[in-house]
Amino acid sequence: MFKAKILFIGPSESGKTVLANFLSDTTENVGGEYRPTKGVRILEFETQAEGSRKRCEVELWDCSGDFKFESCWPAIMKDSSGVVIIFNPDVKSHLKEIETWHSMFIASQSLQESQCLLIAHQKPGSEVENGRLQLASYLNKLQLIQSNLEDEPELVRQGFIRYLGNVVKAMSERREQEEMSIIT
């Protein structure tokens with residue numbers, strides 16, 4: 001069984017914890033008020049990755065969006081299989097800030113595009129249209145999911161399962177390359 005370590009990163013108040021709880025089927029009574037994540041939360045669950053006949057064990061690392069935890073990020077990134085940048089498209093500053101998150105977590109690890117995902121998480125009652133977002137050209141190469149848990153929660157889950165299939169495939173290819181290098 002593959003074990004995938006997926007980092008949920010992005011600006012503060014973008015919905016990382018809400019999405020992490022939803023995808024891992026974790027329930028929390030928070031009363032709807034915002035409580036920032038302190039450092040990182042790790043959620044573990046099993047699921048079937050798309051395109052894989054085996055179940056996948058997922059470690060979902062819900063990381064704080066607060067830059068005061070920046071000194072912890074190298075330890076958090078260690079051995080990660082994939083990175084999901086979550087942002088709120090209603091907040092204009094998030095569109096610029098995700099470039100910083102990409103640089104710090106994706107470019108620095110040389111992850112393949114298939115191991116990365118953008119989620120534009122819309123809060124209930126959002127007025128943002130599902131049009132094309134104005135992102136940097138290198139961000140447009142990444143898979144983008146428009147997340148609206150109020151209207152279409154299963155589309156979000158299916159998109160994440162597809163992404164997880166890409167991560168498992170990349171992990172499998174890397175493992176095969178390492179085995180071949182040992183043999184030769």
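Heavy-atom basis, side chains included; hydrogens, waters and symmetry copies ignored.
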> What distance separates C56 SG from E46 CD, expressed to the nearest 0.5 Å?
Replying inline: 8.5 Å
>> Applying side chain to side chain contact (heavy atoms under 4.5 Å, CB included), can you list everything that pairs with T37, at least two apart in sequence or on another chain?
In response: T17, R41, D62, S64
> Parallel, tilted or perpendicular for F160 and F8, by the 30°/60° rule?
Replying inline: perpendicular
> If you take all heavy atoms of S14 and P11, which pair is closest and at what distance?
Replying inline: OG-O, 2.8 Å
> Looking only at heavy atoms, what is the nearest atom pair of A136 and E99, with distance?
Replying inline: CB-OE2, 3.8 Å
>> Can you tell me how far apart SG (C116) and OH (Y138) are? Round to the nearest 0.5 Å.
In response: 12.0 Å
> Do you know which two heavy atoms are closest between L7 and M77, and how far apart they sit?
Replying inline: CD1-CA, 4.0 Å
> In Å and rounded to the nearest 0.5 Å, what is the NE2 to CG distance from H121 to L149?
Replying inline: 5.0 Å
> According to a 4.5 Å side-chain heavy-atom criterion applied to Ile, Leu, Val, Met, Phe, Trp and Tyr, with indirect links allowed, do V91 and I86 form part of one hydrophobic cluster?
Replying inline: no
>> Under the rule for side chain to side chain contact (heavy atoms under 4.5 Å, CB included), what residues qualify as partners of S114, not counting sequence neighbours?
In response: Q112, N166, A170
> So which heavy atom on Q143 is nearest to which on G159, and how close?
Replying inline: NE2-O, 3.9 Å
>> Which residues pass the salt bridge (Lys or Arg N to Asp or Glu O under 4.0 Å) test with D25, not counting sequence neighbours?
In response: R157
> Partners of E70 by side chain to side chain contact (heavy atoms under 4.5 Å, CB included), sequence neighbours excluded?
Replying inline: F67, W73, M104
> Y163 and I6: side-chain contact (heavy atoms from CB on, under 4.5 Å), yes or no, with the steps?
Replying inline: CA-CA 11 Å; Y163 160 72; I6 307 295; 4.0 Å; yes
> Between OG of S93 and CG of L95, what distance do you get to the nearest 0.5 Å?
Replying inline: 8.0 Å
> Can you find a pair of side-chain heavy atoms, one from I76 and one from C63, that are under 4.5 Å apart?
Replying inline: yes
> What pairs with H94 under ring pair (Phe, Tyr, Trp, His ring centres under 6.0 Å), at least two apart in sequence or on another chain?
Replying inline: none
>> So, using salt bridge (Lys or Arg N to Asp or Glu O under 4.0 Å) as the criterion, who are the partners of E113 when residues are at least two apart?
In response: none
> Tell me, which pairs form a salt bridge (charged side-chain N to carboxylate O under 4.0 Å, His left out) where one or both residues lie in residues 1-12, sequence neighbours left out?
Replying inline: K3-E57, K3-E59
>> Less than 4.5 Å apart, side chain to side chain, heavy atoms only: is that true for L43 and N21?
In response: yes
> Residues in salt bridge (Lys or Arg N to Asp or Glu O under 4.0 Å) with E44, at least two apart?
Replying inline: none
> For T47, what residues pass the side chain to side chain contact (heavy atoms under 4.5 Å, CB included) criterion, not counting sequence neighbours?
Replying inline: F45, V58, I161, L164
> Going only through I, L, V, M, F, W and Y residues with side-chain contacts under 4.5 Å, is there a path from I85 to V167?
Replying inline: no
> When Ile, Leu, Val, Met, Phe, Trp and Tyr are grouped by side-chain heavy atoms lying under 4.5 Å apart, directly or through other members, which residues fall in the same group as I183?
Replying inline: M180
> Can you pull the side-chain hydrogen bond (donor to acceptor under 3.5 Å, both in side chains) pairs that have at least one residue in residues 172-183, sequence neighbours excluded?
Replying inline: none
>> Quick one, D66 and P36 - any side-chain contact, counting heavy atoms below 4.5 Å?
In response: no
> Which atom names give the shortest non-hydrogen contact between F105 and Q109, and what distance separates them?
Replying inline: O-NE2, 2.5 Å
>> Tell me whether W101 shares a hydrophobic cluster with F69, the cluster being built from Ile, Leu, Val, Met, Phe, Trp, Tyr side chains joined at under 4.5 Å.
In response: yes
> CG/L142 to CG/L135 distance, rounded to the nearest 0.5 angstrom?
Replying inline: 9.0 Å
>> Is there a path of hydrophobic side-chain contacts, each under 4.5 Å between heavy atoms of I/L/V/M/F/W/Y residues, joining L144 to V156?
In response: no
>> With a 4.5 Å cut-off on side-chain heavy-atom distances among I, L, V, M, F, W and Y, is there a chain of contacts connecting V84 to M171?
In response: yes
>> Which heavy atom of K16 sits nearest to which heavy atom of I9, and what is that distance?
In response: CD-C, 3.4 Å
> In chain order, what residues pass the salt bridge (Lys or Arg N to Asp or Glu O under 4.0 Å) check against E13, with sequence neighbours excluded?
Replying inline: none
